[in-house]
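Small disclaimer: the values here were computed from a predicted structure and weren't measured.
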Amino acid sequence: MGCDAHDISRDQFMLVGQFASEGYDWWWHSFSGHHAQTGERRTFFIEFFCCNPELGGNEPVFGQLPENREAKRRPSYVMVKAGCWGEGAKQLHRFFGWNEAEVGAGAPFYVQADDCLCCETDLIGRVSVSAEDAAAHPEWMCDAGTMLWDLKVDKQIAFNVGYGASAPLRTIQAFEMFWHAEGIKTAYSGTVVVDGETYIVSPETCYGYADKNWGSDFTSPWVWLSSCNLMSTISGKRLENSAFEIGGGRPVVLGHALDRKLLGCINYEGTAHEFNFSKFWTGSTTAFDCWETEDALYWHVDQQTRTARMITDVTCPKNEMLLVNYESPDGAKRHNRLWNGGTGIGRVQLFEKRGGAFELVDDLRAATIGCEFGEYD
């Protein structure tokens with residue numbers, strides 16, 4: 001199985017066994033649209049986040065409520081998270097008790113609650129939070145605003161991490177945080193309405209992304225970079241069948257934390273290169289650094305195997321990003337400075353080894369990069 005192999009069994013609902021009462025599962029989507037009147041580009045995200053179904057009932061349980069924290073009562077809900085990046089960036093949350101939600105077992109997956117639906121081919125829903133409610137309910141961990149959407153989803157290029165999220169390791173719930181990216185290039189089509197403004201989302205210009213994470217806790221540091229909005233600075237041509245992806249931090253396997261590790265791949269016009277530390281026979285190595293200044297976040301990642309090398313440099317201005325909010329299944333909120341954006345820009349250099357030396361294949365300019373970095377307090 002190649003790193004670009006699709007596998008929708010990894011997208012199915014994973015909150016069984018221990019994860020049913022000590023776990024989360026989410027499906028993430030990000031993409032761009034254009035204002036129906038002005039043509040202005042805006043970048044959006046939509047996520048369906050599930051937490052501790054075994055502890056649920058008719059109402060959502062919020063782990064950040066002081067009385068729940070004091071009683072060590074763990075969170076339990078389906079959360080629909082939606083928002084946008086850029087000027088006026090915001091994150092909006094809508095919560096459902098587990099008795100209000102329906103989740104499909106097996107593949108293809110689906111999650112539905114009221115008028116919100118997430119599955120392999122469709123993304124439908126709405127979130128509306130008043131300024132008064134956002135201020136009165138800090139346990140909701142969100143901003144104020146309204147967003148509704150009706151989208152078709154076509155996941156075109158995958159990043160399959162291989163054995164790390166295979167059925168045997170999923171069964172024994174070996175990792176604290178699992179990852180599968182079924183759509184590092186995803187075509188979305190439809191409409192998004194934010195605070196009354198309509199945006200058209202088209203497959204040719206959305207530069208979409210879709211993945212999922214699940215487990216019992218998050219990672220620190222938390223690193224994510226991805227884009228399929230790529231142009232060659234050598235040929236001047238836009239790449240129509242390419243995407244890159246980098247993610248990870250400090251994996252915890254069977255209770256043991258590994259050194260700082262990242263997974264990565266690039267699918268370059270149909271040719272896939274993977275940088276995966278679990279595939280030791282490839283000689284994969286990664287060096288990375290992430291830092292923030294007063295105005296921006298920066299990422300530098302150098303990944304190499306015996307046959308390929310990818311050097312990635314990304315920046316994103318803070319005024320276009322969010323401090324994205326999640327609570328862990330145990331009710332703790334450990335990430336309080338997790339920067340999250342979708343308007344990053346950067347450079348990706350791809351090399352292949354030829355005749356014993358690395359030669360430059362292409363030098364890419366990347367835009368609308370999904371980007372994330374944060375560490376526990």
Side-chain angles (χ1 to χ4, degrees), residues 13-29 45-84 89-103 111-118 125-148 176-177 212-220 222 322-340 372 374-377:
F13 185 69
M14 300 293 187
L15 298 186
V16 297
Q18 181 179 337
F19 286 171
S21 60
E22 301 177 21
Y24 68 91
D25 197 354
W26 84 54
W27 296 263
W28 170 273
H29 310 78
F45 59 89
I46 299 166
E47 177 185 77
F48 279 56
F49 180 100
C50 300
C51 186
N52 293 343
E54 200 171 79
L55 307 180
N58 293 328
E59 300 289 335
V61 179
F62 302 104
Q64 297 307 296
L65 274 177
E67 56 265 37
N68 288 339
R69 290 166 64 93
E70 186 174 338
K72 297 184 178 179
R73 191 179 182 204
R74 299 198 295 274
S76 178
Y77 46 71
V78 173
M79 177 178 74
V80 178
K81 181 187 196 81
C84 52
K90 64 180 67 184
Q91 59 187 316
L92 308 173
H93 294 167
R94 182 181 180 186
F95 296 90
F96 299 92
W98 273 101
N99 291 349
E100 302 176 279
E102 183 179 349
V103 177
V111 181
Q112 187 162 16
D114 194 21
D115 55 357
C116 297
L117 169 68
C118 176
R126 65 180 175 88
V127 179
S128 184
V129 183
S130 69
E132 295 76 17
D133 281 344
H137 294 280
E139 72 275 12
W140 292 359
M141 307 175 294
C142 76
D143 305 310
T146 299
M147 179 165 154
L148 56 123
E176 202 170 69
M177 187 174 190
K212 82 180 298 248
N213 284 272
W214 69 98
S216 60
D217 207 348
F218 311 127
T219 188
S220 178
W222 184 330
L322 292 163
L323 290 172
V324 70
N325 290 323
Y326 298 99
E327 58 185 356
S328 298
D330 65 0
K333 190 173 185 294
R334 298 180 179 89
H335 271 295
N336 293 296
R337 200 169 179 78
L338 180 55
W339 288 100
N340 169 277
E372 207 157 30
E375 297 187 82
Y376 288 156
D377 293 345

Heavy-atom side-chain proximity of [X] to [Y] below 4.5 angstrom:
| X | Y | result |
| --- | --- | --- |
| Trp27 | Cys50 | yes |
| Trp98 | Val103 | yes |
| Val78 | Phe49 | no |
| Val111 | Phe96 | no |
| Phe48 | Gln112 | no |

For the student: nearest non-hydrogen atoms of [X] and [Y], plus distance:
| X | Y | value |
| --- | --- | --- |
| Arg334 | Ser328 | NH1-OG, 3.2 Å |
| Glu54 | Ser21 | OE1-CB, 3.5 Å |
| Gln64 | Arg69 | OE1-NH1, 2.9 Å |
| Cys118 | His29 | SG-CE1, 3.6 Å |
| Leu338 | Glu372 | CD1-CG, 3.8 Å |

Just say parallel, tilted or perpendicular for the rings of [X] and [Y], cut-offs at 30° and 60°.
| X | Y | result |
| --- | --- | --- |
| Tyr326 | Phe218 | tilted |
| Phe95 | Phe62 | perpendicular |
| Tyr376 | His335 | tilted |

Has the side chain of [X] got a donor or acceptor atom that lies under 3.5 Å from a matching backbone atom of [Y]?
| X | Y | value |
| --- | --- | --- |
| Ser128 | Thr146 | no |
| Glu327 | Pro75 | no |
| Arg337 | Asp377 | no |
| Tyr77 | Cys51 | no |
| Glu47 | Val80 | no |
| Asp143 | Gln91 | yes |
| Arg74 | Glu22 | no |
| Asn52 | Gly23 | yes |
| Asn340 | Val324 | no |

Working for side chain to side chain donor-acceptor pair (under 3.5 Å), residues Asn325 and Lys81: CA-CA 10 Å; Asn325 290 323; Lys81 181 187 196 81; over 6 Å; no
Within 6.0 Å of CD in Glu67, more than 12 heavy atoms from elsewhere: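 Count over threshold, so yes.
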A quick test of your reading: do over 12 heavy atoms of other residues, nucleotides or ligands sit less than 6.0 Å from CZ of Arg73?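 Open: at most 12 neighbouring heavy atoms sit under 6.0 Å from CZ of Arg73.
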So, Asp25 and Lys212, do they make that salt bridge, N to O below 4.0 Å?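 Looking at Lys212 together with Asp25, the answer is yes, because their closest N to O distance falls below 4.0 Å.
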